[in-house]
Amino acid sequence: MSDLNSSEVKLFFLIGIPGFEHAHKWISIPICLMYLIAILGNCTILFVIKTETSLHGPMYYLLSMLAISDLGLSLSSSPTMLRIFLFNATGISPDACFAQEFFIHVFTAMESTVLLIMSFDRFIAIHNPLRYSSILTTARISKIGMVMAIRSFLLVFPFPLTLKRLKYCNKNLLSHSYCLHQDVMKLACSDNKLNVIYGFFAALCTMMDLACIALSYLLILKTILGIASLSERLKAFNTCVSHICAVLIFYVPIITLAAMHRFAKHKSPLIAILIANTFLLVPPLMNPIVYCVKTRQIRDKILGKFFTICGR
């Protein structure tokens with residue numbers, strides 16, 4: 001695809017699932033369904049929280065931020081994947097690729113930060129329930145959300161700029177169905193040490209979020225074990241189940257993929273691609289389902305609106 005040794009490449013090429021090119025159109029069906037359900041589910045969460053005043057509280061505002069992050073991940077990655085699987089359109093211009101990886105990384109950083117804030121929210125709700133509403137006010141949640149968005153933007157903003165300064169001469173085949181910073185920088189024929197160092201720093205920030213989430217749950221566990229009644233312990237733990245599921249859904253593919261790149265000497269490209277696609281497809285799909293199933297207030301409001309619409 002590229003025999004350009006003296007001039008820069010004009011297109012990067014994404015890949016679908018190697019060895020299954022004949023079945024790409026069939027594979028596009030579940031991907032399309034997952035994409036549509038993710039969009040519908042997260043938009044429903046946002047609509048219900050916005051229209052129901054009883055849900056105007058810290059936990060639900062944070063859930064709204066999580067839904068926005070999931071929508072961003074879906075909208076920035078899934079259309080490219082569908083274009084590959086449906087039309088075999090694998091080419092993408094460098095500028096479009098840089099833009100896509102910017103938005104994917106921004107919304108990934110946002111989701112990581114939201115999950116961190118939600119873990120603090122759960123700790124305060126369990127450790128100090130009487131002061132919960134006075135500590136996490138609407139104004140504070142708004143400020144936290146603004147800081148979260150600015151932090152994610154500033155963390156990822158250097159990515160497309162540092163990629164833009166690189167030269168791409170000989171290679172233009174990427175390893176996934178979408179553009180990622182660490183994938184694009186490997187194609188450069190100029191010095192990419194700055195990209196490697198800053199990419200490691202950004203990944204470290206995400207891992208710090210995970211470490212802080214783990215610390216929050218150690219404190220939550222300590223608080224729960226200090227509760228005398230078993231039923232109260234179970235009730236307190238049950239308020240964390242949805243968030244624990246969201247954390248596992250988001251971080252397990254990231255950690256698995258990172259471990260494969262770092263330690264697996266003969267890793268399967270197919271497995272790596274499937275895990276990478278799972279990372280962007282599954283969290284936006286599963287988070288609304290998990291929160292609807294496990295959060296009675298959300299479930300009741302959604303069912304109430306559904307039956308109201310059907311009744312009309």
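Just so it is clear, the values below take in all heavy atoms, side chains as well, and ignore hydrogens, waters and symmetry mates. Just so it is clear, the structure is predicted and the values come from calculations on it, not from any experiment. All residue numbers in this chain count up from 1 along the given sequence.
Residues Leu234 and Asn238 are not in side-chain contact: their nearest non-hydrogen atoms beyond the backbone lie 4.5 Å or more apart. Contact check for Asp209 versus Leu115: no side-chain heavy atoms found under the 4.5 Å cut-off. Residues Met118 and Val247 fail the side-chain proximity criterion, which asks for heavy atoms closer than 4.5 Å. The closest side-chain heavy-atom distance from Pro160 to Glu101 is below 4.5 Å. The closest side-chain heavy-atom distance from Ile244 to Phe237 is below 4.5 Å. Under the 4.5 Å side-chain criterion, counting only non-hydrogen atoms from C-beta, Thr108 is in contact with Phe279. Proximity of Leu136 to Phe120: side-chain heavy atoms (C-beta onward) are nowhere separated by under 4.5 Å. Side-chain contact between Leu116 and Ser119 is present, with heavy atoms from C-beta onward closer than 4.5 Å.
Under the 3.5 Å distance criterion, the side-chain polar atoms of Gln100 are matched with a main-chain donor or acceptor of Cys179. Side chain of Thr80 to main chain of Ser76: no donor-acceptor pair is present (N/O by atom type, distance under 3.5 Å, no hydrogens or angles). Side chain of Thr295 to backbone of Ile298: no donor-acceptor contact under 3.5 angstrom is found. With Thr137 contributing its side chain and Ser133 its backbone, the two residues share no donor-acceptor pair below 3.5 Å. Listed for the Ser134 side chain is a donor-acceptor partner under 3.5 Å among the backbone atoms of Arg131. No donor-acceptor distance shorter than 3.5 angstrom exists from the side chain of Glu232 to the backbone of Leu230, with no hydrogens or angles considered. Side-chain N or O atoms of Asp183 include none that pairs as donor or acceptor with a backbone N or O of Leu174 at under 3.5 Å.
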Problem set entry | side chain to side chain contact (heavy atoms under 4.5 Å, CB included) assessment of Ile45 paired with Cys292 | CA-CA 8 Å; Ile45 292 282; Cys292 287; 3.9 Å; yes
Problem set entry | Candidate pair Met148 and Arg151, rule side chain to side chain contact (heavy atoms under 4.5 Å, CB included), full reasoning | CA-CA 5 Å; Met148 173 204 73; Arg151 180 248 195 188; 5.8 Å; no
Problem set entry | Full working for side chain to side chain contact (heavy atoms under 4.5 Å, CB included) between Ile15 and Thr90 | CA-CA 6 Å; Ile15 63 171; Thr90 59; over 6 Å; no
For this session: Check the pair Asp191 / Lys167 against salt bridge (Lys or Arg N to Asp or Glu O under 4.0 Å), numbers first and verdict last.
Result: CA-CA 9 Å; Asp191 185 14; Lys167 291 187 177 180; over 6 Å; no
Problem set entry | Worked check of side chain to side chain contact (heavy atoms under 4.5 Å, CB included) between Phe153 and Phe102 | CA-CA 9 Å; Phe153 176 82; Phe102 169 77; 3.6 Å; yes
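Smallest separation of non-hydrogen atoms from Ile224 and Ala236: CG1-CB, 4.1 Å. Taking both residues in full, the closest heavy atoms of Ser152 and Thr113 are given as OG-OG1, 4.0 Å, listed atom of the first, atom of the second, then distance. When all heavy atoms of His24 and Ile84 are compared, the closest pair comes out as ND1-O, 4.4 Å. Taking each heavy atom of Met185 and Asn192 in turn, the nearest pair found is O-ND2, 3.0 Å. Residue Ile275 comes nearest to Pro253 through the heavy atom pair CG2-O, 3.6 Å, listed as atom of the first residue, atom of the second, then distance. Between Pro18 and Ile273, the closest heavy-atom pair is CD-CD1, 3.4 Å.
The hydrophobic cluster containing Ile29 does not contain Ile27, counting ILVMFWY residues as joined when their side-chain heavy atoms lie under 4.5 angstrom apart, directly or transitively. Grouping the Ile, Leu, Val, Met, Phe, Trp and Tyr side chains by contacts below 4.5 angstrom, directly or via other members, places Ile150 with Ile68. Linking Ile, Leu, Val, Met, Phe, Trp and Tyr residues whenever their side-chain heavy atoms come within less than 4.5 Å places Tyr132 and Leu55 in a single cluster. No continuous path of hydrophobic side-chain contacts links Met110 to Met208 [ILVMFWY only; heavy atoms under 4.5 Å]. Hydrophobic clustering (side-chain heavy atoms under 4.5 Å, transitive across Ile, Leu, Val, Met, Phe, Trp, Tyr) keeps Phe12 apart from Leu180.
A donor-acceptor pair shorter than 3.5 Å cannot be found between the side chains of Tyr178 and Asn277. Looking at Asn287 and Glu111, their side chains do bring a donor and an acceptor atom within 3.5 Å of each other. Side-chain contact check for Ser216 and Arg122: no donor-acceptor pair (N or O, by modelled atom type) lies under 3.5 Å. Tyr251 and Ser112 form a side-chain donor-acceptor contact under 3.5 Å, judged by distance and modelled atom types alone.
The six-membered or imidazole ring of Phe159 lies away from that of Phe98, with a centre-to-centre distance of 6.0 Å or more. Ring to ring, Tyr217 and His243 are close: their centroids are under 6.0 angstrom apart. When ring centroids are compared, Phe201 and Tyr198 come within the 6.0 Å threshold.
The CG atom of Leu155 sits 10.0 Å away from atom NE2 of His105, with the distance rounded to the nearest 0.5 Å. Ser69 OG to Phe250 CZ: the interatomic distance, rounded to the nearest 0.5 Å, is 8.5 Å. Rounded to the nearest 0.5 Å, atoms SG (Cys205) and CG (Leu210) are 13.0 Å apart. To the nearest 0.5 Å, atom CG of residue Asn172 and atom CD1 of residue Ile92 are 12.5 Å apart. Rounded to the nearest 0.5 Å, atoms CZ (Phe87) and NZ (Lys25) are 8.0 Å apart. The CG atom of Leu274 lies 10.5 Å from the CG atom of Leu281; values are rounded to the nearest 0.5 Å.
Applying the side chain to side chain donor-acceptor pair (under 3.5 Å) criterion to Ser229, with sequence neighbours excluded, gives Ser231.
Sequence neighbours left out, not one pair with a member in residues 27-46 passes side-chain hydrogen bond (donor to acceptor under 3.5 Å, both in side chains).
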